[in-house]
Amino acid sequence: MSRADTAVILDFETSGLSPDSGDRAIEIGAVKIVEGKVTERFQSLINPDMYISSFIEDYTGITNAELKNAPTSEHVMSQFANFIEGFNLIAHNASFDKRFLDAELARISRSYAGEFTCSLLAARRIYQDAPNHRLGTLVDYIGLPSDGTFHRALYDSEMTAKVWLAMLSDIQEQFALEAIPFSLMKKLNKTAKKSVRDFLVKAGAA
DNA sequence: TGCCAGGCCCTCTTTAGGGCCTT
């Protein structure tokens, strides 16, 4: 049984919202957690072979000048495919990062065996009283220390990992669950919000 | 030329529309 506190939490900065519209990854950041502790980190800029808009330069702080000298996607994604091998994957709004991961890996004919789950969908269920479920808001809502350097890949993956571990800790304590399996968090992503409490109580009793 | 995302989830719903999230 794979544990939900053992996984790779990843985050892409990209040139836009959709690889299907020609957008590319410009930075990847990730942390590997094993039994709740960060054991490895991965970070690299990625040369997207295109100019990024001034909006994206402002949003991320990543400039066209930096990207011009960045390593190729082929190089970075090959290393990243090795990094995630054997691990399940987590991202904040996973459907977004999964699309870019799949698109960039497809370019080098690589794939991965791990399963994806989403910290955003989990947070919408576990923290239903939060003002909203953006990463930065959740960091404040939970009371995690932050220097506010959001919108960079490694920082966002680090903060997503902290939010994820806080959620696991909270539901573990609240519903008397032990060593929460990854499969439980995947099911939680698809559980109706109104019945999530019953779902977790039953999971604790099982 | 002009357009430009997509999945989840709520509700004034299900023969639909719009807000939330990610860059």
Side-chain angles (χ1 to χ4, degrees), chain A residues 7-31 42-64 66-67 70 73 76-77 80 84 89-107 115-142 144 146 148-164 166-167 185-200:
Chain A
V8 169
I9 293 95
L10 64 100
D11 182 68
F12 278 105
E13 302 306 313
T14 70
S15 67
L17 291 171
S18 173
D20 291 341
S21 302
D23 289 316
R24 297 292 309 275
I26 62 172
E27 187 182 41
I28 174 76
V31 296
F42 187 104
Q43 185 277 330
S44 181
L45 291 176
I46 301 170
N47 186 334
D49 271 332
M50 62 184 284
Y51 281 100
I52 60 168
S53 68
S54 57
F55 171 80
I56 295 295
E57 282 189 316
D58 292 343
Y59 188 78
T60 63
I62 298 168
T63 65
N64 279 296
E66 288 176 296
L67 292 175
S73 171
V76 176
M77 294 312 296
F80 191 65
I84 63 178
L89 304 168
I90 298 162
H92 201 65
N93 200 9
S95 69
F96 174 85
D97 291 282
K98 183 178 188 302
R99 281 199 299 278
F100 279 95
L101 180 65
D102 291 351
E104 295 293 343
L105 287 180
R107 289 171 169 270
E115 293 188 67
F116 245 108
T117 194
C118 180
S119 56
L120 168 67
L121 294 180
R124 280 181 177 158
R125 288 157 176 79
I126 294 166
Y127 300 132
Q128 297 191 15
D129 293 335
N132 61 57
H133 299 88
R134 292 175 205 149
L135 182 58
T137 302
L138 289 169
V139 165
D140 289 342
Y141 181 76
I142 295 167
L144 298 168
S146 162
T149 319
F150 290 103
H151 309 309
R152 287 304 296 258
L154 182 58
Y155 189 81
D156 283 3
S157 63
E158 297 255 19
M159 299 317 284
T160 301
K162 288 182 180 179
V163 167
W164 182 258
M167 287 194 291
M185 296 305 283
K186 269 194 81 76
K187 282 181 195 163
L188 181 65
N189 271 190
K190 294 182 181 298
T191 302
K193 279 178 70 176
K194 284 177 184 168
S195 63
V196 69
R197 184 177 184 85
D198 288 345
F199 172 78
L200 289 170

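Throughout, a chain's letter reflects where its sequence line sits, starting with A, and its residues are numbered from 1. Heavy atoms only: backbone and side chains are in, while hydrogens, waters and symmetry mates are out.
Listed candidates were B:dG7, B:dC21, B:dT23. Nearest to the side chain of A:Glu13 is B:dT23. Distance from the side chain of A:Thr14 is smallest to B:dT23 among B:dT22, B:dT23, B:dC21. Comparing B:dT11, B:dC21, B:dG6 against the side chain of A:Arg134 picks out B:dC21 as the nearest. Here B:dT11 is the nucleotide among B:dG6, B:dT11, B:dC8 with the atom lying nearest to any side-chain atom of A:Lys194.
Distance NE2 (A:His133) to P (B:dG19): 18 Å, rounded to an integer number of Å. Distance A:Asp97 CG to B:dG7 P: 14 Å, rounded to the nearest Å. The separation between A:Glu27 atom CD and B:dT23 atom P is 11 Å, rounded to whole Å. Note: NZ (A:Lys98) to P (B:dC8) measures 11 Å, nearest angstrom. Distance CG (A:Leu101) to P (B:dT23): 15 Å, rounded to an integer number of Å. In this entry the distance linking CG of A:Asn132 with C1' of B:dC10 reads 16 Å, nearest Å. Atoms NZ (A:Lys193) and P (B:dG7) sit 20 Å apart, rounded to a whole Å. Here the P atom of nucleotide B:dG6 and the NE2 atom of A:His92 are 21 Å apart, to the nearest Å.
For A:Glu104 (side chain) and A:Ala25 (main-chain N/O), a donor-acceptor pair under 3.5 Å exists by modelled atom type.
Among the heavy atoms of the strands, none lies under 4.0 Å from A:Asp23. Contact annotation for A:Leu121: backbone-only contact, meaning every heavy-atom pair under 4.0 Å involves sugar-phosphate atoms and none involves a base. Using a 4.0 Å heavy-atom criterion, one finds that A:Phe12 contacts the sugar-phosphate atoms exclusively.
Side chains of A:Met167 and A:Tyr127 form a contact here, defined as non-hydrogen atoms less than 4.5 Å apart. A heavy-atom distance below 4.5 Å is not found between the side chains of A:Phe42 and A:Val8. Contact annotation: the side chain of A:Asp97 approaches that of A:Asp11 to within less than 4.5 Å [non-hydrogen atoms, C-beta and beyond]. A:Phe80 is not listed as a side-chain neighbour of A:Leu105, based on a closest heavy-atom distance of 4.5 Å or more.
Minimum interatomic distance between A:Ile28 and A:Ile46 (heavy atoms only, all atoms of both residues): CG2-CD1, 3.8 Å. Nearest heavy-atom pair, A:Ile26 versus A:Ser15, reported as atom, atom and distance to 0.1 Å: CG2-N, 4.1 Å. Residues A:Ala103 and A:Pro19 come closest through the heavy atom pair CB-CB, 3.8 Å.
B:dC20 and B:dG2 are spaced 28 Å apart, taking the C1' atom of each and rounding to whole Å. B:dT23 sits 25 Å from B:dC10 when the C1' atoms are compared, rounded to a whole Å. As rounded to the nearest Å, B:dC12 and B:dG19 have P atoms that lie 14 Å from one another. With both ends at atom P, the span from B:dC4 to B:dG18 equals 15 Å, rounded to whole Å. For the P atoms, the distance from B:dT13 to B:dG17 is 12 Å, rounded to whole Å.
The aromatic rings of A:Phe96 and A:Phe100 sit tilted relative to each other, their planes meeting at an angle between 30° and 60°.
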Taking N or O atoms only and anything under 3.5 Å, show me the protein contacts with nucleotides 2-5 of chain B, one pair per line.
none

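Scanning residues 150-161 of chain A for heavy-atom distances under 4.0 Å to DNA chain B yields A:His151, A:Asp156.
No hydrogens or angles considered: a donor-acceptor pair under 3.5 Å links the side chains of A:Asn189 and A:Thr117.
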